[in-house]
Amino acid sequence: MKIVEELEGSGGLASIARMTEAIAALETRRTELIQELRSQRLASWEEIGQACGMTRQGASRRWSRQAHATSFGAAAAAYRRGRPPYPESAVDWLIPGTAKSVLDLGAGTGKLTQLLVARELAVTAVEPLAEMRSELVAAAPAADVRDGSAEAIPLENKAVDAVVVAQAWHWFDAAKALPEIARVLTPGGTLGLVWNVRDHSVAWVAELDRVLHRHTRQEIDTRPSIGTPFREVERLDVRWEHALTRDELLDLVASRSYVITMPGKDRDELMHQVSELLDSHLDLRGRKKLTMPYVTRCTRARLAS
Ligand SMILES: C[S@@+](CC[C@H](N)C(=O)[O-])C[C@H]1O[C@@H](n2cnc3c(N)ncnc32)[C@H](O)[C@@H]1O
């Protein structure tokens with residue numbers, strides 16, 4: 001191929017470096033094209049697999065996580081309206097009392113960022129999606145909001161005393177994110193991970209989840225292992241309730257990544273089934289305000305000094 005000859009030039013290490021750069025650029029562009037095709041539903045994983053010389057399962061395994069991770073922009077406003085904040089006691093536990101500066105990584109629309117800013121910490125919030133960032137800037141104007149990702153954090157070395165990741169660790173490439181987080185933390189700094197998990201021991205929540213899982217299931221490891229250079233890994237569960245309206249509950253459902261990425265017909269059907277549940281379940285029907293029970297799962301770990 002002509003392009004290969006051009007990159008190869010006179011050979012040697014310079015050719016290898018040029019080829020490596022070109023492969024990375026092509027890989028990035030291929031991922032973007034796949035995301036475009038999937039978000040507009042112009043190609044199936046079967047067809048994408050064929051075009052990439054791999055099986056349907058191989059293509060879906062490789063790119064669907066990225067497609068989901070980048071889906072939130074399409075539902076940023078619903079995300080802001082429907083998703084819960086985090087209990088103050090969880091934030092107390094995640095951020096050491098001595099910390100002065102904190103990075104909220106994968107900050108989304110600023111659900112956690114707002115709580116950090118209210119504590120008068122110097123807060124940097126990193127978020128890769130422009131639609132989420134515009135909600136974030138409005139929600140937490142005192143934060144230093146930056147475009148970036150967990151795998152390439154736009155901060156100097158040893159810039160912050162604590163890093164927190166709310167509801168986002170499962171989207172990161174942990175092998176790349178962990179050394180990046182260690183780089184931007186001061187020695188002895190902390191990494192905190194947090195997820196709000198709906199409490200299925202309550203009957204109507206279990207019923208809601210049955211409806212959601214009829215369409216798709218998203219398994220998230222909310223007690224992930226965190227390896228070197230971090231240590232002293234500790235866990236905490238906090239039980240609490242979030243009051244929300246019927247419309248906010250529909251927004252909560254609509255802002256799940258697997259709902260955003262569903263074909264329109266399936267999404268409409270799912271939203272209809274959730275509305276029916278709200279209208280018919282004995283614990284829900286006729287209620288203006290609902291109370292969603294959560295178990296907030298927290299993990300914290302310390303960077304070696
Ligand atoms: C479920 S939302 C959580 C947002 C926010 N932290 C919260 O608690 O509401 C996940 C966020 O992670 C972001 N994200 C996905 N992949 C990421 C990555 N590799 N690096 C940084 N953020 C990422 C998404 O854009 C999205 O805003």
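Just so we're clear, the structure is a prediction, and the values are computed from it rather than from any experiment. We count ligands from 1, going down the list as the structure has it; atoms in each ligand are counted the same way. Throughout, numbering of the chain's residues begins at 1 and tracks the sequence.
For ligand 1, the polar-atom distance check against E151 finds a nitrogen or oxygen pair separated by under 3.5 Å. Considering backbone and side-chain atoms together, M132 places no N or O closer than 3.5 Å to any N or O of ligand 1. The shortest N/O to N/O separation between T109 and ligand 1 does not fall below 3.5 Å. Not one N or O of A168 is nearer than 3.5 Å to an N or O of ligand 1, by distance alone. The N/O atoms of S149, backbone and side chain alike, include none that comes under 3.5 Å of an N/O atom in ligand 1. No N or O atom of K111 sits closer than 3.5 Å to an N or O atom of ligand 1. The shortest N/O to N/O separation between G148 and ligand 1 does not fall below 3.5 Å.
Ligand 1 is approached by L129 to a heavy-atom distance shorter than 4.0 Å.
Applying the side chain to side chain donor-acceptor pair (under 3.5 Å) test between T222 and each of Q167, R297, H170 identifies R297 as the sole match. Each of V123, T190, L155, T186 was compared with V160 under the side-chain contact (heavy atoms from CB on, under 4.5 Å) criterion, and only L155 meets it. Among E135, E131, E248, the one residue that satisfies the salt bridge (Lys or Arg N to Asp or Glu O under 4.0 Å) test with R80 is E135.
At the shortest separation from atom 11 (C) of ligand 1 among protein heavy atoms lies G106 O, 3.8 Å. Protein heavy atom nearest atom 20 (N) of ligand 1, with residue, atom name and distance: A150 N, 2.9 Å. Looking at atom 14 (N) of ligand 1, its nearest protein heavy atom turns out to be P128 CG, 3.9 Å. If you check which protein heavy atom lies closest to atom 25 (O) of ligand 1, you get E127 OE2, 2.7 Å. The shortest contact between atom 3 (C) of ligand 1 and any protein heavy atom is with Y79 OH, 3.0 Å.
Of the inter-residue distances, the one linking D104 atom CG with I95 atom CD1 reads 8.5 Å to the nearest 0.5 angstrom.
S101 places none of its side-chain heavy atoms less than 4.5 Å from the side chain of T124.
The heavy-atom pair separating V238 from P87 by the smallest distance is CG1-CG, 3.9 Å.
Interface atoms of ligand 1 facing Y86, defined by a heavy-atom separation under 4.0 Å, are 7 (C), 8 (O), 9 (O). Applying the 4.0 Å criterion to heavy atoms of W171 picks out, from ligand 1, the atoms 10 (C), 15 (C), 16 (N).
Relative orientation of the W240 and Y294 rings is parallel, given thresholds of 30° and 60° on the angle between their planes.
When the side chains of ILVMFWY residues are joined at heavy-atom separations under 4.5 Å, either directly or via intervening members, I226 and W93 end up in two distinct hydrophobic clusters.
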Exercise for the section: Given side-chain hydrogen bond (donor to acceptor under 3.5 Å, both in side chains), test S201 with D199 step by step and report yes or no. Expected result: CA-CA 6 Å; S201 65; D199 184 352; 2.7 Å; yes

Exercise for the section: Go through the steps to decide whether S149 and E151 satisfy the test side-chain hydrogen bond (donor to acceptor under 3.5 Å, both in side chains), and finish with yes or no. Expected result: CA-CA 5 Å; S149 73; E151 297 78 14; 3.3 Å; yes

